Number of protein chains: 2
Amino acid sequence: MTDKKKLTLKDIAKALNLSVSTVSRALKAHPDIANETIELVKKYAEDNHYVPNLMAVNFRKSRTYNLGLIVPEIVHHFFSTVISGAICEANGQGYNILVTQSNDILNVEEKASQIMLNGSVDGLLISISNETTTGEHLQAFLDEGKPVVQFDKITDYISCPKVIVDDFEGAYQATKHLIDQGYTRIAHIRGRTDVKNACDRYEGYLKALKDAGMPIREDLVKCCTMITEDEGYNFTSELMQNDNPPDAIFCITDLVAFGSLKYLKENGYVVPNQIGLMGFSNWMISQTTTPTMSTVNQYGYEMGRAATKLLLQLIKDQDLDRADTTILKTELIIRESSMKQK
Amino acid sequence: MTDKKKLTLKDIAKALNLSVSTVSRALKAHPDIANETIELVKKYAEDNHYVPNLMAVNFRKSRTYNLGLIVPEIVHHFFSTVISGAICEANGQGYNILVTQSNDILNVEEKASQIMLNGSVDGLLISISNETTTGEHLQAFLDEGKPVVQFDKITDYISCPKVIVDDFEGAYQATKHLIDQGYTRIAHIRGRTDVKNACDRYEGYLKALKDAGMPIREDLVKCCTMITEDEGYNFTSELMQNDNPPDAIFCITDLVAFGSLKYLKENGYVVPNQIGLMGFSNWMISQTTTPTMSTVNQYGYEMGRAATKLLLQLIKDQDLDRADTTILKTELIIRESSMKQK
DNA sequence: CTGTTAGCGCCTTCAG
DNA sequence: CTGAAGGCGCTAACAG
């Protein structure tokens with residue numbers, strides 16, 4: 001049982017008949033202080049379990065050693081890997097991470113960042129909500145000299161470093177893979193037109209078709225708003241009712257692909273031989289479906305680490321003024337759902 | 001663009017020719033202060049975007065308005081739902097959550113809690129690592145008057161409120177369900193013998209067998225150490241090589257059940273007609289397997305909220321001295337893997 | 001009703 | 001080499 005009241009510099013000073021400032025400096029082994037004194041103070045502090053009062057130190061330095069982290073949703077495989085990476089990097093550099101979620105609601109995101117800005121954190125890591133466009137609440141951070149790093153879902157209205165995956169290239173590779181497998185009528189169930197990732201993936205899809213000299217058919221593109229299993233299911237139903245239905249579907253994310261798979265299996269389509277399927281994001285579920293789902297891995301953990309590393313750089317070197325975009329490679333993961341037997 | 005330097009009480013006082021304390025009180029609408037003054041100060045503060053310096057306030061009150069949250073693993077469906085619930089409850093009451101993970105390593109958990117104890121948080125929510133037994137690092141919190149609430153994975157060495165799910169009852173129901181379906185040789189792939197949840201589930205399994213007058217066969221119980229898909233796969237292989245193999249397997253968690261399913265399918269066993277299967281925890285993957293996996297839902301979100309609510313009670317009412325255990329009900333989720341056709 | 005004073009715990013000039 | 005003094009921004013007695 002330690003004492004109820006924590007030891008302060010003052011207590012040590014009194015006990016050792018020194019001044020507070022000497023004690024303070026001794027503990028930091030300041031060159032001005034005699035070695036004996038340093039030893040003495042350090043020993044006393046050690047023996048009596050002196051722990052500096054972080055709140056006082058932080059207040060003095062106006063630093064919190066906390067980083068804010070806002071994601072749309074915590075219960076989401078990809079984001080949880082990002083959080084994990086961020087925490088790893090932050091803890092390694094002596095920072096804590098303060099996590100919150102916006103549930104893709106702008107209002108919630110604004111409130112959360114407002115609270116964090118009011119002195120809870122030294123900087124912000126954020127993946128914006130679907131509703132966020134301009135982002136004055138992020139600008140407010142910059143205006144107060146607190147750096148911001150955006151990741152995954154970003155807005156270009158704010159001038160700060162960004163870390164994203166190469167959605168375009170990932171989607172291009174995914175689509176190209178389907179083409180290479182011999183599929184010829186490739187549909188795409190995409191995400192919202194006002195969300196950058198979704199657009200990039202769509203562009204990657206288009207480019208792959210073009211490069212292969214395939215026609216672009218608007219009737220083979222469906223647009224999710226909520227990115228749910230149900231949307232995958234229902235859009236697949238619509239697609240298959242087409243006069244000239246697709247023989248492969250590239251979905252914006254694994255969950256949607258799962259919904260798609262469900263519809264196809266329920267209706268007697270054989271995946272991958274009749275219909276090829278690709279997801280995106282490499283959720284854990286993509287390994288547990290039958291057939292297993294081909295997908296694109298996004299390296300969330302690395303993204304979390306990279307974004308945090310950037311933010312800490314900006315915090316430690318206030319003069320640094322970066323606003324570049326780090327683009328992480330994706331990885332095509334080929335599983336059963338796209339392996340047409342030739 | 002707001003000003004670079006933030007407005008302080010002093011600034012307002014100077015501008016309005018008042019004293020700092022008057023301004024301070026006016027902003028809180030203290031009854032001593034004249035209404036006109038209150039209006040005046042509030043208006044000025046509003047117009048000039050005065051925001052109190054939280055670090056100073058917190059330092060003064062020695063409160064951080066942060067809660068620590070330590071889980072073994074963030075990238076884990078159950079824990080992410082707990083985190084989500086905790087954040088919801090905390091934010092609702094004006095608190096932030098500082099998340100970290102132990103990776104089931106005691107040493108990491110100790111360091112993380114040490115850092116948090118040093119003034120980053122007002123209290124701690126923790127689900128301990130597999131390696132944690134006594135938990136002096138948790139006692140250290142209590143010794144400093146900072147409340148702790150344990151959840152899910154707990155140790156009884158620490159006297160504090162605990163929130164757990166009824167693992168015993170959940171496992172009992174799961175096993176009973178298998179029995180009710182007509183399975184007669186029910187195996188159990190359990191977790192570590194030094195982890196409470198695992199033991200409780202094992203006990204629930206035993207009790208259900210006993211209540212049904214079924215024999216307890218030690219050769220039908222396997223013990224995981226890492227709780228992985230591979231363990232599920234390998235132990236199922238061992239079980240099926242038994243002279244008198246099981247006709248149903250109840251697994252400690254969905255991931256293990258998935259490994260088990262994989263082995264069974266690869267080796268031509270038909271689930272659920274030949275072999276019944278039950279998981280635990282209701283991970284998302286339990287919905288995506290073929291057949292879909294019966295499981296036990298743990299209401300992680302509610303657990304997170306409940307634990308946080310308790311912690312905030314303890315923080316706000318320091319005299320309160322609770323050390324009771326809240327036991328949340330589980331929910332049996334019956335899917336295809338256990339629905340033997342009779 | 002308002003102002004003065006003091007202090008939270010620590011750090012940092014500035015003097016000796 | 002060490003101490004005294006001042007202040008970070010805010011709150012809370014204690015006086016008027």
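Excluded from the calculations below are hydrogen atoms, water molecules and symmetry mates; all remaining heavy atoms, backbone and side chain alike, are included. Please read all numbers here as calculations on a predicted model, not as lab measurements. In what follows, chains carry the letters A, B, and so on, assigned in the order in which the sequence lines appear, proteins first and then strands, with residues in each chain numbered from 1.
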Testing C:dT12, D:dG3, C:dG3 for proximity to the side chain of A:Thr22, the answer is D:dG3
Rounded to whole Å, NZ of A:Lys61 lies from P of C:dG9 at a distance of 18 Å
Side-chain contact check for B:Asn53: nearest option of D:dG9, C:dT13, D:dT11 is D:dG9
Here the distance between atom C1' of C:dC8 and atom CG of A:Leu54, to the nearest Å, is 15 Å
Pair B:Asp156-B:Lys162, side-chain contact (heavy atoms from CB on, under 4.5 Å): steps then yes or no: CA-CA 9 Å; B:Asp156 285 330; B:Lys162 305 175 179 84; 3.6 Å; yes
Next item on the list: For A:Thr132 and A:Ser129, test the side chains for any donor-to-acceptor distance below 3.5 angstrom and give the result as yes or no.
Entry: yes
side-chain N/O A:Lys10 vs C:dG7 OP1/OP2, d < 4.0 Å: no
Here the distance between atom C1' of D:dG9 and atom CG of B:Asp11, to the nearest Å, is 10 Å
Check your understanding: Strictly by modelled atom types, are B:Lys309 and B:Gln93 linked by a side-chain donor-acceptor pair under 3.5 Å?
Key -> no
When rounded to whole Å, the CZ to C1' distance for the pair B:Arg63 and D:dT11 reads 14 Å
Establish, from distance only, whether the side-chain atoms of B:Gln150 and B:Ser127 form a donor-acceptor pair under 3.5 Å.
no
Ranking D:dC10, D:dG3, C:dG9 by distance to the side chain of A:Leu18, first place goes to D:dG3
Taking for B:Val51 and for A:His30 the nucleotide of DNA chain D with the nearest heavy atom, the one nearer the 5' end belongs to A:His30
In whole angstroms, the gap separating P of D:dC8 from CG of A:Asn58 amounts to 18 Å
Closest to the side chain of A:Thr8, out of C:dC10, D:dC10, D:dT2, is C:dC10
Output for pair (A:Leu69 CG, A:Thr308 OG1), nearest 0.5 Å, gives 7.0 Å
When you check the phosphate oxygens OP1 and OP2 of C:dC11, does a side-chain N or O of A:Lys28 lie under 4.0 Å from one of them? yes
- Query: Distance check: side-chain N/O of A:Ser19 vs OP1/OP2 of D:dG3, anything under 4.0 Å?
  - Reply: yes
Between A:Tyr50 and C:dG9, does any side-chain N or O lie under 4.0 Å from OP1 or OP2? no
Taking atom types as modelled, find out whether A:Thr64 and A:Asp122 have a side-chain donor-acceptor pair closer than 3.5 angstrom. yes
Is a donor-acceptor contact shorter than 3.5 angstrom present between the side chain of B:Ser21 and the base of C:dT4? yes
Atom CZ of B:Arg25 and atom P of C:dT4 are separated, to the nearest Å, by 11 Å
The nucleotide from D:dT11, C:dG3, C:dC1 with an atom nearest the side chain of B:Arg60 is D:dT11
When all nucleic acid strands are considered with a 4.0 Å heavy-atom cut-off, which category describes B:Ser62: base, sugar-phosphate, or nothing?
-> nothing
To the nearest angstrom, the CD1-P distance between B:Ile12 and D:dG9 comes to 13 Å
Rounded to whole Å, the CG-P distance (A:Leu9 to D:dG7) equals 20 Å
Among the nucleotides D:dG9, D:dT2, D:dT11, whichever has the atom closest to the side chain of B:Val20 is D:dT11
When B:Asn17 and A:Asp32 are each assigned the nearest nucleotide of DNA chain C, the 5'-most assignment goes to B:Asn17
